[in-house]
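Notes to accompany the following structure.
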Amino acid sequence: MSDLIEGYLGKTVEGRKSRLPAKLDFIQSVTGGFLALFMWAHMMLVASILVSEEFMYQVTKLLEGSFIFEGGNPLLVSIVAIVIFVIFIVHAALGMRKLPGNFKQYQVIKAHAKSMGHDDTKLWFIQAYTGFAMFFLASIHLYVIMTHPDQIGPYESSARVWEEYMWPLYILLLLAVEFHGTIGLYRLCVKWGWFDGENPKATRKALKKLKWALTVFFLVLGFASLAAYMKIGYENHKNGVDRGSYQPSAQIMNYELKTKSVGGIA
């Protein structure tokens, strides 16, 4: 009964205003900010393929804890993916509180936004749409990573993108993530008054320009990385190269040195 009273009236059974909405809003902000920054870091790691296949392989092994476990342990990647998935679900659940509960409410909000013509309100709608799309797209991606952490690498990832036809999903996910994340960070700065300074209005304009610059940067970076994986996947599929056949140059050199040594002794 107390939950019903608090839910409908916004007050506790003692008659005091509930602090729960503010607490939930704070958790939503923290989880959203963390996920946005994580996605930026993730994009930079994925883009390692643009440097070289060798560099991408080394980055993968580093994430698998190769500095602790010999050869790395993919289980670490799976654990991180599970943690991110839990945070993602919490953030999505909290975000759903602010979405219209039925079509009538949606019409009211849409009409109100149209009459105002407010840019930040339009950004909220974009964030709502992309958040809804990410609930499905990101869940698929995270599930793949959680269940196949050992299939990450220059050849394995490229095969998943090309041979398993994941590239259409990644295109949609990339668009949703980058728009949702940058808009979210911008709205966090405005909401909590970060960087306001002496002229909050001018700060908001500067933040909005920075937001669009970051959106363009990460979209270009993301599409360039995806194109690189598609190219490798296509060429390997065409030439019949097995997805698990990649050998880093360090291992190849070590193998050649051992072969020469054995040959010299014989």
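Atoms considered below: every heavy atom in the structure, side chains included; atoms not considered: hydrogens, waters and symmetry mates.
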Is it true that atom NZ of K98 has more than 12 heavy atoms of other residues, nucleotides or ligands lying nearer than 6.0 Å?
-> yes
K104: what forms a salt bridge (Lys or Arg N to Asp or Glu O under 4.0 Å) with it, not counting sequence neighbours?
-> none
Quick one: does T203's side chain have a donor or acceptor within less than 3.5 Å of a partner on F195's backbone?
-> yes
Report the relative orientation of the aromatic rings in Y57 and Y246; use parallel for angles under 30°, tilted for 30 to 60°, perpendicular for over 60°.
-> tilted
F125 atom CZ: more than 12 heavy-atom contacts under 6.0 Å | yes
Donor-acceptor contact present, side-chain Y229 to main-chain V46, <3.5 Å = yes
Which atom pair, heavy atoms only, marks the closest approach of M146 to A81?
-> CG-CB, 3.5 Å
F69 and L76: side chain to side chain contact (heavy atoms under 4.5 Å, CB included), yes or no, with the steps?
-> CA-CA 10 Å; F69 308 101; L76 295 180; 3.8 Å; yes
Thinking salt bridges, do K231 and E235 make one under a 4.0 Å N-O criterion?
-> yes
Would you name the heavy atoms of F179 and I126 that are closest together and state the gap between them?
-> CB-CG2, 4.4 Å
Would you say the side-chain atoms of N73 pair up with the backbone N or O of L75, donor to acceptor, closer than 3.5 Å?
-> yes
Heavy atoms, side chains only, cut-off 4.5 Å: are V177 and M134 in contact?
-> yes
Answer yes if L63 and I84 sit in the same cluster of Ile, Leu, Val, Met, Phe, Trp and Tyr residues linked by side chain heavy atoms under 4.5 Å apart, and no otherwise.
-> no
Report yes or no: do M44 and F34 belong to one cluster of Ile/Leu/Val/Met/Phe/Trp/Tyr joined by side chain heavy-atom distances under 4.5 Å?
-> yes
Answer yes or no: are there more than 12 heavy-atom neighbours, outside F223 itself, under 6.0 Å from its atom CZ?
-> yes
Taking the side chain as every heavy atom from C-beta outward, state whether H148 and E156 have any pair of such atoms under 4.5 Å apart.
-> no
L188 vs L185 side-chain heavy atoms within contact, under 4.5 Å | yes
Do the side chains of L172 and F218 join up, straight or via other hydrophobic residues, at under 4.5 Å, putting them in one cluster?
-> yes
Paired with Q28, the side-chain hydrogen bond (donor to acceptor under 3.5 Å, both in side chains) test is passed by just one of R97, K23, H91, namely R97
Could you give me the CA-CA distance, side-chain angles and deciding distance for F103 and Q107, then say whether side chain to side chain contact (heavy atoms under 4.5 Å, CB included) is met?
-> CA-CA 6 Å; F103 185 68; Q107 285 182 312; 3.2 Å; yes
Minimal non-hydrogen separation, L207 against C189, with atom names = CD1-CB, 3.7 Å
CD/E54 to OG/S48 distance, rounded to the nearest 0.5 angstrom?
-> 11.0 Å
Sequence neighbours excluded, every pair satisfying side chain to side chain donor-acceptor pair (under 3.5 Å) that has a member inside residues 121-140 | Y106-Y129, H118-T121, Q127-R187, T130-H180
Could you tell me whether a side-chain N or O of R243 sits under 3.5 Å from a main-chain N or O of E163, the two making a donor and an acceptor?
-> no
Do S157 and M56 come within less than 4.5 Å of each other through their side chains, counting heavy atoms only?
-> yes
Ionic contact status for D120 with K191, cut-off 4.0 Å = no
Kindly give the heavy-atom pair with the smallest separation between P149 and P74, and that separation in Å.
-> CB-O, 3.2 Å
Min side-chain heavy-atom separation L214-W40 under 4.5 Å | yes
If we only count heavy atoms from C-beta on, is the V83 to I87 side-chain gap below 4.5 Å?
-> yes
In terms of heavy-atom contacts, T215 and E178 come closest through OG1-O, 4.2 Å
Could you check if a side-chain atom of Y170 sits within less than 4.5 angstrom of a side-chain atom of R160, using non-hydrogen atoms only?
-> yes
Treat each ILVMFWY residue as a node, draw an edge where side-chain heavy atoms are under 4.5 Å apart, and state whether M166 and L173 are in one component.
-> yes
For I152 against T60, the heavy-atom pair lying closest together = O-CG2, 3.4 Å
State yes or no: do V161 and F55 share one hydrophobic cluster built from I, L, V, M, F, W and Y residues joined by side-chain heavy-atom distances below 4.5 Å, directly or via other members?
-> no
May I have the step-by-step check of side chain to side chain contact (heavy atoms under 4.5 Å, CB included) for I232 and I49, ending in yes or no?
-> CA-CA 10 Å; I232 295 171; I49 194 67; 3.7 Å; yes
Hey, does E64 have a side-chain heavy atom less than 4.5 Å from the side chain of D150?
-> no
